[in-house]
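To start, the structure under review is shown below, and the notes come after it.
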Amino acid sequence: MEPEQAEHLSQLHSRITSWFTRNARPLPWREPDCSPWGVLVSEVMLQQTPVVRVLPVWQEWMQRWPEPAALAAEPSGEAVRAWGRLGYPRRALRLHAAATVIVTEHGGLVPDTHAALLALPGVGDYTAAAVAAFALGQRETVVDTNIRRVHARLVTGNALPSQSLTAAEMRLAVSLLPDDDAGSVAWNASVMELGALVCTARNPRCEDCPVLADCAWVRAGRPEPHYVPKGQAWHGTDRQVRGAMMAVLREAEGPVLRELLLAGPVDLAAGQETVTTPLAALHALSAPQEQLERALNGLVRDGLAELSGDGLRLPA
DNA sequence: TACACGTGGGA
DNA sequence: TTCCCAAGTGT
């Protein structure tokens, strides 16, 4: 690298990490006394899920299951129930499975290498890197949606990163990473936070950006994205039905009769149900019988629920 | 590679 | 009101 480039990179590092020290949110999993297990749980919960929704659930989990062994000792259904409404409940199942692997194969301690972390259920490339960096202080190339967006704007000059992670993006992230462990950890956390608080997907707060003067996207006149992000369908999907069924199972004490879950819309005029209960909400979807059965079978197939007699319940 | 997979709050 | 999207993973 040319001396000039090295100097420029060093300035980006100090500007962004300095901004972080002044503006970072005080999150409990960033505290020095937070265990690797606490960091792992936070990272899985934060997958596709905003910080504000994770906070209370994470606190509950740490209180109830301060170590992997405590979680592994319980039925997976308890993890799913305690997951609440965070969404993507299979993450709870995988976290429970990860705790089991940690106990059986790692002596109850969260593994301390990227490769071993990556082998855990529910831990992909991002989460393995994040835990190695943030919990273990290791030099890792952490690439999440925030970091990708900051890189896309600051360096590449695009409004948004490509739709899928490219080799070029990875090379760029590697080239920007500070050489030392501590510096790289601070950089990863800082760029991620910058993306979350300032360099946001919609309405970025460029006035508050510590590297506004260096931003290739701003310099280019803030051009529009190269593509139109395609939104996820929701209304009428299997996911909507599965979600409604899971809500019923979470609040139920015991098994819920299949006929109740598979029933068509009830006669609301009869006054037996209001849309305030999960079961009423499920019925209110008026999903076709075929879709209800497909959703139920999917939950069982995925291990989120199990048949018990003539009913369905969270895994015991 | 593309798609399935939950949820709720802000614009 | 509708749409967007938030610290991705597994198949």
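Keep in mind that this is a model prediction, so the values were computed, not measured. Below, read A as the first sequence line, B as the second, and so on, with proteins coming before strands; counting in each chain starts at 1. When reading the values below, keep in mind they use all heavy atoms of this one structure, side chains included, and skip hydrogens, waters and symmetry mates.
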Between [N] and [M], how far apart are the two [atom1] atoms, rounded to whole Å?
{"N": "B/dA4", "M": "C/dA7", "atom1": "P", "result": "23 Å"}
{"N": "C/dT1", "M": "B/dG8", "atom1": "C1'", "result": "15 Å"}
{"N": "B/dT1", "M": "C/dT9", "atom1": "C1'", "result": "15 Å"}
{"N": "B/dG6", "M": "C/dC4", "atom1": "C1'", "result": "15 Å"}

(message) Looking only at the side chains, is there a donor atom on one of A/S184 and A/E140 sitting less than 3.5 Å from an acceptor on the other?
(response)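 No pair is found: no donor N or O on one side chain lies under 3.5 Å from an acceptor on the other.
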
(request) Indicate whether any N or O donor in one side chain lies under 3.5 Å from an N or O acceptor in the other, for A/Q232 and A/R239. (result) yes

Whole Å only: how far is the [atom1] atom of [X] from the [atom2] atom of [N]?
{"X": "A/L304", "N": "C/dG10", "atom1": "CG", "atom2": "P", "result": "14 Å"}
{"X": "A/Y88", "N": "C/dG10", "atom1": "OH", "atom2": "P", "result": "14 Å"}
{"X": "A/Y227", "N": "C/dC5", "atom1": "OH", "atom2": "C1'", "result": "12 Å"}
{"X": "A/L118", "N": "C/dG10", "atom1": "CG", "atom2": "C1'", "result": "12 Å"}
{"X": "A/D144", "N": "C/dA6", "atom1": "CG", "atom2": "C1'", "result": "10 Å"}
{"X": "A/E43", "N": "C/dT9", "atom1": "CD", "atom2": "P", "result": "9 Å"}
{"X": "A/R90", "N": "C/dG10", "atom1": "CZ", "atom2": "P", "result": "10 Å"}
{"X": "A/L46", "N": "C/dA7", "atom1": "CG", "atom2": "P", "result": "8 Å"}

Decide, yes or no, whether a salt bridge links [X] with [Y] under the criterion of side-chain N to carboxylate O below 4.0 Å.
{"X": "A/R294", "Y": "A/D238", "answer": "yes"}
{"X": "A/R15", "Y": "A/D214", "answer": "yes"}
{"X": "A/R64", "Y": "A/E74", "answer": "yes"}

When all nucleic acid strands are considered with a 4.0 Å heavy-atom cut-off, which category describes [X]: base, sugar-phosphate, or nothing?
{"X": "A/A201", "value": "sugar-phosphate"}
{"X": "A/Q240", "value": "nothing"}
{"X": "A/R94", "value": "sugar-phosphate"}
{"X": "A/G124", "value": "sugar-phosphate"}
{"X": "A/T145", "value": "sugar-phosphate"}
{"X": "A/D302", "value": "nothing"}
{"X": "A/L27", "value": "base"}
{"X": "A/T127", "value": "sugar-phosphate"}
{"X": "A/V123", "value": "sugar-phosphate"}
{"X": "A/R242", "value": "sugar-phosphate"}
{"X": "A/R294", "value": "nothing"}
{"X": "A/W83", "value": "nothing"}

(request) Name the first nucleotide and the last nucleotide along DNA chain B (5' to 3') that come under 4.0 Å of a heavy atom in chain A. (result) B/dC5 to B/dA11

(request) With the side chain counted from C-beta on, respond yes when A/P204 and A/W217 share a heavy-atom pair under 4.5 Å apart, and no when they do not. (result)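 Yes; the side chains approach each other to less than 4.5 Å.
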
(request) Using the closest heavy atom to pick a nucleotide of DNA chain C for each, name whichever of A/R53 or A/A128 lands nearer the 5' end. (result) A/R53

Answer yes or no: does atom [atom1] of [X] have more than 12 heavy-atom neighbours from other residues, nucleotides or ligands under 6.0 Å?
{"X": "A/E290", "atom1": "CD", "result": "no"}
{"X": "A/H226", "atom1": "NE2", "result": "no"}
{"X": "A/R205", "atom1": "CZ", "result": "no"}

(request) Please check the phosphate of C/dG8 (OP1 and OP2 only) for any side-chain N or O of A/Q48 closer than 4.0 Å. (result) yes

(request) Within residues 146-183 of chain A, find the residues that approach DNA chain C with a heavy atom at under 4.0 Å, and present them sorted by residue number. (result) A/N146, A/R149

(message) Distance check, rounded to the nearest 0.5 Å: A/I147 atom CD1 versus A/S190 atom OG?
(response) 9.5 Å

(message) Which residues pass the salt bridge (Lys or Arg N to Asp or Glu O under 4.0 Å) test with A/R30, not counting sequence neighbours?
(response)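 Once residues adjacent in sequence are excluded, the partners of A/R30 under the salt bridge (Lys or Arg N to Asp or Glu O under 4.0 Å) criterion are A/E193.
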
(message) Go nucleotide by nucleotide along DNA chain B from the 5' end; which of A/P89 and A/R202 gets its closest nucleotide reached first?
(response)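 Its nearest nucleotide lies further toward 5', so the answer is A/P89.
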
